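Let me begin by presenting the structure, written as structure tokens, before commenting on it.
Indexing begins at 1, ligand by ligand and atom by atom, following the structure's order. Nothing here was measured: the structure is a model prediction, and the numbers come from that model.
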Amino acid sequence: MAKEIVIPDIGDFDSVEVIEVLVEAGDTVAAEDSLISVESDKATMEIPAPEAGVVTEIKVEVGDQVSQGSLILLLEPSDAAPAAPVTQEATTTTPTPAASKPAAPAPQSVAQPPQHRPSPTAKIDEVSFSRAYASPSVRKFARELGVDLGRVSGSGRKGRVIKDDVKSFVKQALAQGTGGSGLAVAPMPEIDFSQWGDVETQKLSKINKLTGKFLHRNWVTIPHVTQFDQADITELDALRKSMAAEYKDKGIKITMLAFLIKAVVAGLRELPRFNASLDASGESLILKNYFNIGIAVDTPDGLVVPVVRDADSKTLVDIAAELGEISQKARDKKLKPADMQGGCMTISSLGGIGGTQFTPIVNAPEVAILGVSRHKMTPVWNGKTFEPRLMLPLSLSYDHRVVDGADGARFTSFMGRVLADANGLVK
Ligand code: CAO
């Protein structure tokens, strides 16, 4: 026989609005499970089941006005139905005077201070959690998922946080792979741009999608610092031009990049923490005794980073010849995955295109990347007069967990010194 479940004594309120129906016909409920939420001007309350059973029919809808005695639903009492679980959560039901009537358990006021133990998987700000405008069942749900309610925006009436808000918050945190670690940001809205004019949709290439994913991960997980500097390459450029003329007939283009690779190798030798990776636990540094330099290559399909292996054991001319081959291979889509693995540090050279400085993104698991911009003939004060010097802008981004600011500045200063003495880079 189904029992009629009615609104119990809810204190001084004559009429309250049903703002949430928490069960459906067919649901099995335990004693004390919340059935509906009601809201007055002053408080939000949940009406609990007086006993265990199966809900056979719902008699209220969201928006209905109810008062003591109003029929909520029909419940088939069931001895087999589970009893109210005696968990930490269940202890939040604080008896009110009405609770002394066994047939009609008291509503739970949301104003109760939380007595749950915070989820071990999430940091919950108890103050903002307790201030969040949400019903006890939503609080309980948030606790179970380790969600800090204070950070969830409410879409319910008057900004009340409802269950769906908690679900969206969790989905967003999972999608961002942050596990609720504080990086949850508002989702990007879906916008129909055609409302403002003609548009065309272009699919991202496979490379675009892959690099986008890695760049995003590296940008949000690595604390970046970019050190800007300038290197005097007046003599280097003269040497490069004379070598370029010499090797032109042999089909080898002696590029600035070849000099930069040799200079980076020297920098890695001088400051070995740049030639390192953090291990997966983040507890140790793995220092490398090999010198593989990655080169960012712009292709029609997107950015790829082939690696010049063992650059320390190759001459400048060897490296220049290899660079010609790998950048061609990159543009012909002939690079194999192994050609792009094992790099120690990457160089991103935009000098041939333009720009004065930029902030390259570290190519993890490497800990630094050297950005190079367009060189410029610049008046430089030599103590007596201004001299025209060819200055090369360097932008060194590094992982600040591994490299200190002082070493960042030391690295670019060192690069400045070795690039100024280009003859030492030829062997
Ligand atoms: N300043 C001024 N001019 C420069 C220069 C610099 N720093 N570096 C190169 N140049 C000039 C060269 O002198 C050359 O001019 P000429 O054709 O008149 O001889 C021209 O630019 C092309 O240079 P290059 O043949 O030496 O090629 P490169 O080493 O500059 O670039 C490569 C090779 C593969 C790095 C380049 O083609 C490339 O793809 N760059 C883009 C990398 C990129 O996208 N990085 C972004 C990653 S982070 O988002």
Relative to Tyr247, does Lys250 satisfy both conditions: NZ or CZ under 6.0 angstrom from the six-membered ring centre, and within 45 degrees of the ring's axis?
yes

Given Ile72, which partner from the list Val21, Val60, Ile58 fulfils the side chain to side chain contact (heavy atoms under 4.5 Å, CB included) test?
Val60

Relative to Phe129, does Arg143 satisfy both conditions: NZ or CZ under 6.0 angstrom from the six-membered ring centre, and within 45 degrees of the ring's axis?
yes

Check Glu325 with Lys329, please: is the shortest side-chain N to carboxylate O separation under 4.0 Å?
no

Pick out the protein N or O atoms lying less than 3.5 Å from any N or O of ligand 1, and list each pair with its distance.
{"residue": "ligand 1", "atom": "1 (N)", "partner": "His375", "partner atom": "N", "Å": "2.8"}
{"residue": "ligand 1", "atom": "7 (N)", "partner": "Ser373", "partner atom": "O", "Å": "3.0"}
{"residue": "ligand 1", "atom": "25 (O)", "partner": "Lys253", "partner atom": "NZ", "Å": "2.8"}
{"residue": "ligand 1", "atom": "37 (O)", "partner": "Arg331", "partner atom": "NH2", "Å": "2.7"}
{"residue": "ligand 1", "atom": "39 (O)", "partner": "Asp298", "partner atom": "N", "Å": "2.8"}
{"residue": "ligand 1", "atom": "39 (O)", "partner": "Arg331", "partner atom": "NH2", "Å": "3.3"}
{"residue": "ligand 1", "atom": "40 (N)", "partner": "Ser349", "partner atom": "O", "Å": "3.1"}
{"residue": "ligand 1", "atom": "45 (N)", "partner": "Ser348", "partner atom": "OG", "Å": "2.8"}

What orientation do His224 and Trp219 show, parallel under 30°, tilted 30 to 60°, or perpendicular over 60°?
tilted

Name all residues meeting the salt bridge (Lys or Arg N to Asp or Glu O under 4.0 Å) criterion together with Arg331; count only those two or more places apart in sequence or in a different chain, and write none if there are none.
none

